[in-house]
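Hydrogens, waters and symmetry mates play no part in the numbers below; they use all other heavy atoms, side chains included.
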Amino acid sequence: MSAPVPSEKYRIDKWLFAARFFKTRSLAAEAIERGRVYINGARIKPSKTLSVGDRLDIRIGPYHYQVEVLALSNKRGPATAAQKLYHETDESRQARAELAEKLKAQPHFEGKGRPTKRVRRALEKFTSGE
């Protein structure tokens, strides 16, 4: 990654894509529009310019990231380079780990499509209380 050019602007949606929080820039822009990304506690638009030292609150599904911007980039690179663009707070990392453990502990249905006639009749019998 090259040294930042003072006249170049770094949009938040491009940065989120470059930092690998979202798979596409349009997904990043959509998340911003829906209010899932905040800069320094304020709701923003996808065209908002970003600067080093800004604090971001990012919600992706059930997970919540709190990061501080360390570097700026408009180009998506390897994951190792993307991780150098930000620093996640320890509280955020710990909360995500706890949430992941809770989600893993929940029962997970692994059904295979529609029930067979036999299974459906057994379910109907069970739910009707016969």
Side-chain heavy-atom pair [X], [Y] within 4.5 angstrom cut-off:
{"X": "Ile32", "Y": "Ile12", "answer": "yes"}
{"X": "Arg20", "Y": "Gln83", "answer": "no"}
{"X": "Glu30", "Y": "Leu27", "answer": "yes"}
{"X": "Glu88", "Y": "Gln66", "answer": "no"}
{"X": "Leu72", "Y": "Trp15", "answer": "yes"}
{"X": "Asp57", "Y": "His64", "answer": "yes"}
{"X": "Arg36", "Y": "Ile60", "answer": "no"}
{"X": "Val69", "Y": "Ser51", "answer": "no"}

Practice item. Go through the steps for Asn74 and Tyr10 under the test side-chain contact (heavy atoms from CB on, under 4.5 Å), then give the verdict. Key: CA-CA 6 Å; Asn74 283 338; Tyr10 294 92; 3.3 Å; yes
Check your understanding: If every non-hydrogen atom of Ser73 is compared with every non-hydrogen atom of Ala18, which pair is closest and at what distance?
Key ->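 In this case the closest contact between Ser73 and Ala18 is O-CB, 3.7 Å.
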Point to revise | Heavy-atom pair of closest approach, residues Ile44 and Val37 | key: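 The pair with the smallest heavy-atom distance is CG1-O, 3.7 Å.
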Point-to-point distance, once rounded to the nearest 0.5 Å, from [atom1] of [X] to [atom2] of [Y]:
{"X": "His87", "Y": "Ser92", "atom1": "NE2", "atom2": "OG", "answer": "10.0 Å"}
{"X": "Arg96", "Y": "Tyr63", "atom1": "CZ", "atom2": "OH", "answer": "8.0 Å"}
{"X": "Arg11", "Y": "Leu16", "atom1": "CZ", "atom2": "CG", "answer": "11.0 Å"}
{"X": "Arg76", "Y": "Arg25", "atom1": "CZ", "atom2": "CZ", "answer": "13.0 Å"}
{"X": "Asp13", "Y": "Lys48", "atom1": "CG", "atom2": "NZ", "answer": "13.0 Å"}

Check your understanding: What about Tyr65 and Tyr86, are their ring centers closer than 6.0 Å?
Key ->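 Not close enough - the centres of the two rings lie 6.0 Å or further apart.
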Exercise for review: Salt-bridge test for Glu98 and Lys102: reply yes if a basic N is under 4.0 Å from a carboxylate O, no otherwise.
Suggested key: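 No.
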Review point. Between Glu33 and Lys45, is there a side-chain N and carboxylate O pair less than 4.0 Å apart?
Key: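 Lys45 and Glu33: not salt-bridged.
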Review point. Side chain of Asn40, backbone of Arg55: donor and acceptor closer than 3.5 Å?
Key: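 Such a contact is found between Asn40 side chain and Arg55 backbone.
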Review point. Could you go step by step and tell me if Phe21 and Val67 meet the side-chain contact (heavy atoms from CB on, under 4.5 Å) rule?
Key: CA-CA 11 Å; Phe21 282 103; Val67 298; 4.0 Å; yes
Exercise for review: Could you give me the CA-CA distance, side-chain angles and deciding distance for Leu70 and Leu85, then say whether side-chain contact (heavy atoms from CB on, under 4.5 Å) is met?
Suggested key: CA-CA 5 Å; Leu70 299 178; Leu85 296 177; over 6 Å; no
